[in-house]
Amino acid sequence: MTEQNTPAIDPAEDLPEQMRVRRSKRDRLLAEGLPPYPVEVPRTDEITEIRARYADLPTDTGSGDKVSVTGRVIFVRNGGKLCFATLRAGDGAELQAMFSLDKVGEKSLGDWKSLVDLGDLVAVTGEVIASRRGELSVLADSWAMSAKALRPLPVAHKPLSEETRVRQRYVDLIVRPQARDVVRTRATVVRSLRESLFRRNYLEVETPMLQLLHGGAAARPFVTHSNALDTDLYLRIAPELFLKRAVVGGIERVFEINRNFRNEGMDSTHSPEFAMLEAYQAYADYNVMQTQVREWIQEAASAVAGSHVVTHQDGTEVDLGGEWAQITLFGAISSALGEEVTIGTDLAQLQRYAEKVQLSVDPKWGPGKLAEELFEHLVTDSLVQPTFVRDFPEETAPLTAPHRTTPGLTEKWDLYVGGFELATAYSELVDPVIQRERFHAQSLLAAGGDAEAMQLDEDFLRAMEYGMPPSGGMGMGIDRLLMALTGLGIRETILFPLVRPE
RNA sequence: GGGCUGCUAGCUCAAUGGCAGAGCUGAGGACUUUUAAUCCUUAGGUUCGGGGUUCGAAUCCCCGGCGGCCCA
């Protein structure tokens with residue numbers, strides 16, 4: 001402790017007038033023995049319950065029942081001797097509170113008018129009635145502050161700016177019902193996915209987020225440091241290599257829903273941290289996973305919308321029912337180009353095609369990578385209806401089993417919905433010798449400066465050398481599933497997305 | 001990474017190089033049945049930050065910050 005006292009912070013300095021006013025109301029509440037932040041307030045019923053219970057209360061009658069309700073004051077209509085306020089609960093349910101001179105008395109009514117602002121949380125005790133205009137109300141005998149709001153609420157009738165909505169999500173949640181709906185929808189979807197997997201006898205596990213090596217995907221990782229181990233650690237870019245270790249150990253159906261971290265660009269479909277479902281099933285393949293993933297998404301759609309037809313926030317309806325289209329990667333490229341392109345098409349020819357369609361080519365790309373880039377350039381935007389794109393080149397799928405009939409291809413599909421990649425699945429590569437060769441090729445890429453290349457994971461190879469059953473595996477972005485079901489941008493599906501510091 | 005675009009009162013927005021404004025919110029007043037209540041009065045500004053051009057800059061130019069949209 002120093003001799004010099006920290007100067008008392010005087011928040012009255014430099015504050016906007018409206019915040020000064022609210023602080024002085026807080027002071028007046030204290031001075032009058034009305035705690036602005038009491039530990040407890042009376043609360044007998046939820047607003048939602050009262051709306052349901054008294055839905056049929058006739059206009060201009062009393063119920064005879066006394067209740068205590070709580071809510072945030074979102075509208076006030078103050079009169080001389082009779083005041084109205086609209087209270088809103090956390091679930092969005094609203095109820096009118098009425099304060100009349102003859103019920104609460106002059107002092108309490110005066111306090112209500114002079115000390116309560118829009119945005120305050122209050123508790124109101126009184127009889128449930130229906131007003132002369134038929135509005136279900138609590139006619140107050142008494143009221144109490146539950147929490148004084150020191151900041152004014154944004155105007156309820158104009159849309160909040162995009163930036164404020166994201167930076168101050170708590171305000172967004174208060175004023176915008178759709179913001180709360182998204183939170184509910186997301187919880188419904190995640191719960192539906194878990195139930196879908198539990199029903200099919202999958203076990204949920206949690207695997208390391210802090211990893212000594214990064215692997216399981218092609219992405220640039222975040223790096224952090226362990227003081228205890230005196231070594232750098234990576235935030236995981238995927239749980240894949242650990243879930244496969246679990247399959248080696250005999251956990252034959254396993255999944256994880258958790259966050260991945262990728263140190264890459266942020267845009268309307270990419271967030272640095274994003275939630276992902278990964279699932280592995282022994283003795284299955286990419287065809288089995290294709291059916292299951294469709295079923296899981298359809299079950300999630302049903303949980304959210306009650307049917308396979310989901311309605312986006314702009315009103316468009318998307319039908320996710322039935323079987324979904326499937327195309328092959330090279331078939332899609334061929335029909336987009338009007339030229340026959342196969343896994344056998346050589347690099348020079350692919351480069352000529354790329355030039356023809358004005359795709360700029362990184363000289364480090366091999367033919368497989370270039371084919372994938374051609375596909376993304378030419379086809380993905382048109383894949384609005386759910387479509388499985390199958391059979392990717394070996395070059396870009398180092399963890400995937402070789403195709404059963406076509407050399408050079410792997411058994412991998414990507415699922416596209418709404419023009420973006422929603423999910424992926426493989427027949428997993430389980431041959432430890434080939435896996436080592438694939439890792440070796442990746443390490444050459446890394447040595448060549450590819451920051452997204454996978455690292456050679458000896459412990460993973462050791463696990464595989466004990467024998468991993470033939471398996472199907474899948475991964476799906478939870479945030480993107482929300483996007484597909486709601487039509488929202490990724491930052492709307494994440495409650496508190498990363499934003500630049502103010 | 002590139003292009004376009006925005007940042008003004010607590011919130012949403014005007015102000016076309018010439019006095020920085022409106023609605024809601026706030027403050028004061030009227031009103032015992034309102035529904036985004038209404039009516040009267042009224043307060044509120046580092047125009048994102050810095051530099052420049054100009055008699056004069058919210059406005060034009062340059063640099064920086066933070067968003068949005070499109071493209072790669």
Side-chain angles (χ1 to χ4, degrees), chain A residues 11 13-26 28 57-62 73-88 94-106 108-110 112-120 126-127 129-140 148-168 170-172 174-177 220 264-270 354 357-362 365 373-374 376-378 380-381 419 488-492 497-502:
Chain A
E13 298 292 326
D14 296 331
L15 279 182
E17 183 204 7
Q18 295 195 37
M19 289 186 61
R20 288 200 305 272
V21 167
R22 284 173 184 248
R23 277 169 198 273
S24 81
K25 288 179 179 177
R26 174 185 179 276
R28 280 163 54 201
L57 195 61
T59 293
D60 201 17
T61 56
V73 177
I74 56 162
F75 299 119
V76 289
R77 298 172 289 279
N78 285 344
K81 300 187 180 68
L82 180 63
C83 299
F84 302 86
T86 304
L87 306 186
R88 182 148 71 201
E94 295 176 5
L95 187 65
Q96 178 167 270
M98 297 170 62
F99 306 85
S100 76
L101 180 64
D102 53 17
K103 286 280 181 188
V104 299
E106 199 169 332
S108 185
L109 187 67
W112 171 267
K113 284 197 266 191
S114 63
L115 296 175
V116 175
D117 291 298
L118 289 181
D120 290 353
E127 183 188 356
I129 65 159
S131 76
R132 271 180 217 168
R133 300 290 289 269
E135 184 75 33
L136 190 65
S137 310
V138 173
L139 179 58
K148 178 71 193 168
L150 295 184
R151 287 178 184 270
L153 233 41
V155 291
H157 318 293
K158 297 280 186 178
L160 212 49
S161 73
E162 182 93 13
E163 186 169 2
T164 307
R165 276 164 45 186
V166 172
R167 284 192 188 276
Q168 301 185 47
Y170 37 88
V171 175
D172 190 29
I174 289 169
V175 300
R176 203 168 56 95
R220 193 180 289 246
E264 296 173 347
M266 299 160 63
D267 61 32
S268 62
T269 56
H270 294 83
V357 298
Q358 291 168 341
L359 171 68
S360 57
V361 176
D362 185 331
W365 291 348
E373 292 287 337
L374 276 167
E376 283 179 29
H377 182 74
L378 294 168
T380 54
D381 284 351
L488 295 167
I490 197 166
R491 293 213 302 178
E492 297 294 324
L498 182 67
V499 288
R500 283 180 202 278
E502 284 179 83

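Order of the sequence lines fixes the chain letters, A, B, ..., with proteins taken first and strands second; residue numbering starts at 1 for each chain.
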Between A:R167 and A:E135, whichever has its closest RNA chain B nucleotide further toward 5' is A:E135
Categorize A:S161 for me: base, sugar-phosphate, or nothing, with a 4.0 angstrom heavy-atom threshold over every strand shown. sugar-phosphate
Provide the Watson-Crick or G-U wobble partner of B:U53, both distances under 3.5 Å; none if there is no partner. none
For B:A27, what is the paired nucleotide under Watson-Crick or G-U wobble rules, both distances under 3.5 Å? B:U41
What nucleic acid atoms does A:M19 come within less than 4.0 Å of, heavy atoms only: base, sugar-phosphate, or nothing? nothing
pair_partner(B:A36), Watson-Crick or wobble, both distances < 3.5 Å, evaluates to none
What's A:V166 touching, base or sugar-phosphate or nothing? Going by heavy atoms closer than 4.0 Å. nothing
Write down the partner of B:A22 under the Watson-Crick or G-U wobble criteria, each distance required to be under 3.5 Å. B:U12
Between the side chain of A:R23 and the main-chain N/O of A:L150, is any donor-acceptor distance below 3.5 Å? no
Check every strand shown and say whether A:K81 touches a base, only sugar-phosphate, or nothing at a heavy-atom separation below 4.0 Å. base
If you look at every strand shown and take non-hydrogen atoms under 4.0 Å, does A:Q18 touch a base, only sugar-phosphate, or nothing? base
Check: A:L115 main-chain N/O paired with A:K148 side-chain donor or acceptor under 3.5 Å: yes
Looking at every strand, decide which applies to A:E163 at a 4.0 Å heavy-atom threshold: base, sugar-phosphate, or nothing. sugar-phosphate
When you measure from the side chain of A:R167 to the backbone of A:R500, do you find a donor-acceptor pair of N or O atoms at a distance under 3.5 Å? yes
Return yes if some donor-acceptor pair links the side-chain N/O of A:R20 with the main-chain N/O of A:L15 below 3.5 Å, else return no. yes
Taking pairing as Watson-Crick or G-U wobble with both contacts under 3.5 Å, can you name the mate of B:U47, or confirm there isn't one? none
Considering every strand and a 4.0 Å limit on heavy-atom distances, what is the contact class for A:N78: base, sugar-phosphate, or nothing? base
What one should report as the nearest heavy-atom pair of A:D120 and A:A149 is OD1-N, 2.9 Å
Gap in Å between the two P atoms, one belonging to B:U42 and one to B:G6, rounded: 35 Å
Partner of B:G1 under the Watson-Crick or G-U wobble criteria, both distances under 3.5 Å, comes out as B:C71
Taking atom P in both B:C13 and B:C48, compute the distance separating them and give it to the nearest angstrom. 14 Å
Can you tell me the base-pairing partner of B:C7? Count Watson-Crick or G-U wobble geometry only, both distances below 3.5 Å, and say none if there is no partner. B:G65
Please work out if A:K113 contacts a base, only the sugar-phosphate, or nothing of the nucleic acid, heavy-atom cut-off 4.0 Å. nothing
